[in-house]
Protein chains: 2
Amino acid sequence: MLKHTLIFGAVAGLLIACLKFIEYRWLVVAHSVEIYGALVAAVFAAVGIWLGLKLTREKVVVKEVQAPAEFIRDDAKVAELGLTPRELEMLVLIALGLSNKEIADKVFVSENTVKTHLARIFDKLGAKRRTQAVERGRALRLIP
Amino acid sequence: MLKHTLIFGAVAGLLIACLKFIEYRWLVVAHSVEIYGALVAAVFAAVGIWLGLKLTREKVVVKEVQAPAEFIRDDAKVAELGLTPRELEMLVLIALGLSNKEIADKVFVSENTVKTHLARIFDKLGAKRRTQAVERGRALRLIP
DNA sequence: ATTCGCGTCACCCGAAAGGATGATTTTGCC
DNA sequence: GGCAAAATCATCCTTTCGGGTGACGCGAAT
């Protein structure tokens with residue numbers, strides 16, 4: 001803002017000087033005052049419009065959008081916790097509400113295997129129950 | 001836009017006429033041209049700025065930002081499912097990963113009461129497990 | 001070649017969760 | 001006061017979960 005004003009002042013001074021110079025060179029004819037005035041008016045009007053545009057170009061309307069907020073896994077935290085891909089997969093499945101048996105059938109392993117995976121997940125996440133593991137998983141952005 | 005331009009022209013003409021009039025009245029002194037030019041410059045600069053403001057007043061930049069996306073419970077669905085306030089409360093507690101015992105202690109009821117509440121929740125949500133109830137609750141926007 | 005991480009599976013046992021059912025109390029409402 | 005919904009608690013029984021432990025195969029890294 002201040003910068004713009006200063007530029008405006010400088011430009012104005014320069015223009016006046018130029019016009020003054022021109023006036024005494026070859027515009028010393030009849031009605032030179034009118035021509036001079038019109039020129040000054042036109043130039044300053046243009047500069048003024050430009051200034052006005054400059055001053056108001058910052059106008060911004062902040063529009064809040066309910067974004068789909070797609071899930072982005074915090075891989076850094078996954079690594080930090082030492083969660084293996086398989087464990088992460090199991091975590092997602094329990095978050096979907098599947099039982100150990102259902103998970104076992106879905107990924108073609110025994111229910112015992114699922115249980116050991118879950119036991120390690122609980123250990124790494126510090127969870128006592130599967131629901132708590134899901135909650136922590138969500139809070140840590142490990143699962144959607 | 002056209003209207004503004006016309007107004008601008010009219011004002012400009014009027015001002016020029018006024019200045020012309022004034023010029024031959026009492027500004028016929030030494031350096032009158034400089035004073036005249038300065039006046040015209042000032043007036044037209046002002047008008048130009050005003051015009052620029054007018055022209056750009058509608059110019060807005062829509063900046064989309066990520067909304068906080070706070071949770072809004074779908075009360076319609078709550079009513080539709082016939083979930084009571086107490087049941088809803090229990091649902092959020094199991095979503096937080098609490099055990100039946102912990103919930104009982106937290107809300108000062110017996111564990112049996114919690115279990116009956118949960119049984120009804122499972123029935124109303126069509127869930128077989130607490131994890132599934134949580135998942136459904138989230139999907140239906142009943143809980144955060 | 002050995003180690004290590006990962007995934008796999010098994011068994012035992014106790015704890016937690018869930019299903020079914022019945023009963024009592026509280027509360028809001030006509 | 002009486003009714004209906006909600007909330008409360010209980011008991012019995014079955015299923016599921018979770019903890020603990022041990023073990024095996026495989027592939028990558030050392």
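Note that this is a predicted model, so its numbers are computed, not measured. Every chain is numbered from 1 and lettered A, B, ... according to where its sequence line falls, protein lines coming before strand lines.
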If I take atom [atom1] in residue [X] and atom [atom2] in nucleotide [N], what distance separates them, rounded to the nearest angstrom?
| X | N | atom1 | atom2 | answer |
| --- | --- | --- | --- | --- |
| Glu87(B) | dA6(D) | CD | C1' | 8 Å |
| Asp123(A) | dT21(D) | CG | P | 12 Å |
| Glu89(B) | dA6(D) | CD | C1' | 13 Å |
| Ile94(B) | dC17(D) | CD1 | C1' | 15 Å |
| Arg86(A) | dC26(D) | CZ | P | 17 Å |
| Ile121(A) | dG19(D) | CD1 | P | 12 Å |
| Glu111(A) | dT16(D) | CD | P | 8 Å |
| Met90(B) | dA7(D) | CE | P | 9 Å |

Do [X] and [Y] come within less than 4.5 Å of each other through their side chains, counting heavy atoms only?
| X | Y | result |
| --- | --- | --- |
| Phe122(B) | Arg129(B) | no |
| Lys77(B) | Arg141(B) | no |
| Arg86(B) | Val107(B) | yes |
| Thr84(A) | Lys124(A) | yes |
| Leu96(B) | Lys106(B) | no |
| Val134(A) | Arg130(A) | no |
| Arg138(B) | Arg138(A) | yes |
| Leu88(B) | Val78(B) | yes |

Phosphate oxygens OP1/OP2 of [N]: is one of them under 4.0 Å from a side-chain N or O of [X]?
| X | N | value |
| --- | --- | --- |
| Asn100(A) | dC17(D) | yes |
| Thr113(B) | dC9(D) | yes |
| Thr116(B) | dC9(D) | no |
| Arg130(A) | dT16(D) | no |

Assuming nearest nucleotide by heavy-atom distance, tell me which of Arg120(B) and Leu118(A) is located more 5' along DNA chain D. Arg120(B)

I'd like to know if Lys128(B) and Glu135(B) make a salt bridge, using a cut-off of under 4.0 Å between side-chain N and carboxylate O. no

Considering the terminal five base pairs at each end of the helix from dA1(C)-dT30(D) to dC30(C)-dG1(D), what angle separates the two local helix axes, rounded to 10°? 50°

Could I get a table of every N or O pair under 3.5 Å where one atom is in the protein and the other is in nucleotides 12-15 of chain D?
none

Is Leu83(A) linked to Val109(A) within one hydrophobic cluster, defined over Ile, Leu, Val, Met, Phe, Trp and Tyr using a side-chain heavy-atom separation of less than 4.5 Å? yes

Treat each ILVMFWY residue as a node, draw an edge where side-chain heavy atoms are under 4.5 Å apart, and state whether Leu142(A) and Val114(A) are in one component. yes

Can you give the first and last nucleotides of DNA chain C, 5' to 3', that have an atom under 4.0 Å from a heavy atom of chain A? dC6(C) to dA17(C)

Can you confirm whether more than 12 heavy atoms, excluding those of Phe108(A), are under 6.0 Å from its CZ atom? no

